[in-house]
2 protein chains.
Amino acid sequence: MFSQTVEYALRAVVHLAIHSPRPQTTSEIAAATQVPTAYLSKVLQGLREKGIVLLQRGVGGGVSLARSPQQLTILDVVSAVDPIPRITTCPLDLKAHGVRLCALHRRMDDALLHMETAFRETTLAELLEDPNPSVPLCDR
Amino acid sequence: MFSQTVEYALRAVVHLAIHSPRPQTTSEIAAATQVPTAYLSKVLQGLREKGIVLLQRGVGGGVSLARSPQQLTILDVVSAVDPIPRITTCPLDLKAHGVRLCALHRRMDDALLHMETAFRETTLAELLEDPNPSVPLCDR
DNA sequence: TGTCATGTGGATATGTGTGTCCTGTTTCAT
DNA sequence: ATGAAACAGGACACACATATCCACATGACA
């Protein structure tokens, strides 16, 4: 349902949010989030292209958030690496349906819409402030 | 988000519900739902193994619903071919999290739960009764 | 200006979902 | 019995997501 890439990207930005605004190296993030380093590198390049993170080479470089955790939502991250495929027209391309979906696809898209909305309404800052005994990415 | 297989399976059972209780051949369903015949055959075999449809060989045979459209939900079909992967334990296997998910995975699973619930509450019969000008799988 | 830390990007490997094809098996009608 | 209709199932093909490796480019700092 959610791709591995989305899962990895979310872990990475949460890690960055926790340490914001200090940049973290790809290796550090990979170790903390239990993601293969080389693959995470690709995922982060994707996030950079979409303006989610900043990548800085050289000594003292690393990865940092392009926006503050207050201004970055789960949806921003999801959309950057693996957008939610909303159903906007009839998948069977039936002329009579067009943009007015049938009951089946209407309900499927409603589910996607609800997910999209829920993700749009949650910022990274809210994730960290959540009164939850389990802290994201932390074992204590 | 939804696999092709789920989309195909849903089209097939909707077609069967429309013509219920008359059995339809795989070829008929494939033509009506615009699904590759050979692949649909595999999908239907999966649905049979999960008790969603009945398959009858020989002349006059074909595919029919194992339950009435009133007793078959979208979730039944989705679960049969590609179950919604609820997040029940911490994907990072953090000991401190265990079953108590962190804010991130809590929200991801909440989205999956909502989808599951919505699909559980809709039967095939309700899809067909929906006062929607676009009739599922029909162009008129 | 040299050196090291760090990200960049291409080539390649692997697994799985999707899709095709062909032969076999079952069932019914005649 | 025979033959046609229809599903069953294995082998194979292909695309894409995931993952790895390595040579290279870049930036900071001494």
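When reading the values below, keep in mind they use all heavy atoms of this one structure, side chains included, and skip hydrogens, waters and symmetry mates. Residue numbers start from 1 in every chain, and the chains themselves are labelled A, B, ... in the order their sequence lines are given, proteins ahead of strands. Quick caveat: nothing in here was measured; it's all calculated off a predicted structure.
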**Request:** Please state whether the phosphate of dG7(C), meaning OP1 or OP2, lies under 4.0 angstrom from any side-chain nitrogen or oxygen of T26(A).
**Result:**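 Answer yes for this pair, as a side-chain N or O of T26(A) is under 4.0 Å from OP1 or OP2.
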**Message:** On the nucleotide dA28(D), are OP1 or OP2 found under 4.0 Å from the side-chain N or O atoms that Q56(A) carries?
**Reply:**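 Checking dA28(D) against Q56(A), a side-chain N or O does come within under 4.0 Å of OP1 or OP2.
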Provide, to the nearest angstrom, the distance between the [atom1] atom belonging to [X] and the [atom2] atom belonging to [N].
{"X": "R48(A)", "N": "dG7(C)", "atom1": "CZ", "atom2": "C1'", "answer": "9 Å"}
{"X": "L44(B)", "N": "dT18(C)", "atom1": "CG", "atom2": "C1'", "answer": "15 Å"}
{"X": "L55(A)", "N": "dG7(C)", "atom1": "CG", "atom2": "C1'", "answer": "7 Å"}
{"X": "L54(A)", "N": "dG7(C)", "atom1": "CG", "atom2": "P", "answer": "13 Å"}
{"X": "Q45(B)", "N": "dG17(C)", "atom1": "CD", "atom2": "C1'", "answer": "16 Å"}
{"X": "Y8(A)", "N": "dA19(D)", "atom1": "OH", "atom2": "C1'", "answer": "9 Å"}
{"X": "L40(A)", "N": "dC21(D)", "atom1": "CG", "atom2": "P", "answer": "15 Å"}
{"X": "E28(A)", "N": "dG7(C)", "atom1": "CD", "atom2": "C1'", "answer": "14 Å"}

**Message:** Go nucleotide by nucleotide along DNA chain D from the 5' end; which of T37(A) and V63(B) gets its closest nucleotide reached first?
**Reply:**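 Comparing both residues, the 5'-ward one is V63(B).
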**Item:** Residue whose nearest DNA chain D nucleotide is more 5′ - G58(A) or T5(A)
**Value:**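 It is T5(A), whose closest nucleotide lies nearer the 5' terminus.
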**Request:** Go through the N and O atoms of the side chain of K42(A) and the base of dG10(C), and report whether any donor-acceptor pair is under 3.5 Å.
**Result:**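 For K42(A), whose side chain was compared with the base of dG10(C), there is a donor-acceptor pair (under 3.5 Å).
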**Request:** Would you mind classifying the nucleic acid contact of Q4(B) as base, sugar-phosphate or nothing, using non-hydrogen atoms under 4.0 angstrom?
**Result:**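 If one applies the 4.0 Å heavy-atom cut-off, Q4(B) turns out to touch the sugar-phosphate alone, with no base involved.
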**Prompt:** When we call it a touch if two heavy atoms are under 4.0 Å apart, what does S27(A) touch: a base, just sugar-phosphate, or nothing?
**Reply:**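 No contact.
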**Prompt:** In terms of the nearest nucleotide of DNA chain C, which residue is placed more toward the 5' end: R57(B) or D82(B)?
**Reply:**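 So the residue in question is D82(B).
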**Request:** Assign each of V59(A) and S41(A) to its nearest nucleotide of DNA chain C by heavy atoms, then name whichever residue's nucleotide is nearer the 5' end.
**Result:**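 Result: V59(A).
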**Rounded distance [0.5 Å steps], CG in L104(A) versus CD in E126(B)** =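 Reported value, rounded in 0.5 Å steps: 13.0 Å.
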**Message:** If I take atom CZ from residue R11(B) and atom NE2 from residue H105(A), how far apart are they, to the nearest 0.5 angstrom?
**Reply:**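 So the gap between those two atoms works out to 5.5 Å.
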**Request:** State whether a side-chain donor-acceptor pair under 3.5 Å links T5(A) with Y39(A).
**Result:**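 The answer is yes; a qualifying pair exists.
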**Item:** Closest listed nucleotide, where the reference is the side chain of P36(A) and the choices are dA5(D), dG19(C), dT20(D)
**Value:**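 That would be dT20(D).
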**Message:** Closest approach to the side chain of A38(B), judged atom by atom: which nucleotide of dT18(C), dT20(C), dG7(C) is it?
**Reply:**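 Closest nucleotide to the A38(B) side chain: dT20(C).
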**Asked** Salt bridge between D76(A) and R67(A), side-chain N to carboxylate O under 4.0 Å?
**Response**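 A salt bridge links D76(A) with R67(A).
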**Prompt:** Does K95(A) offer a backbone N or O that forms a donor-acceptor pair with the side chain of D139(B) under 3.5 Å?
**Reply:**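 Yes.
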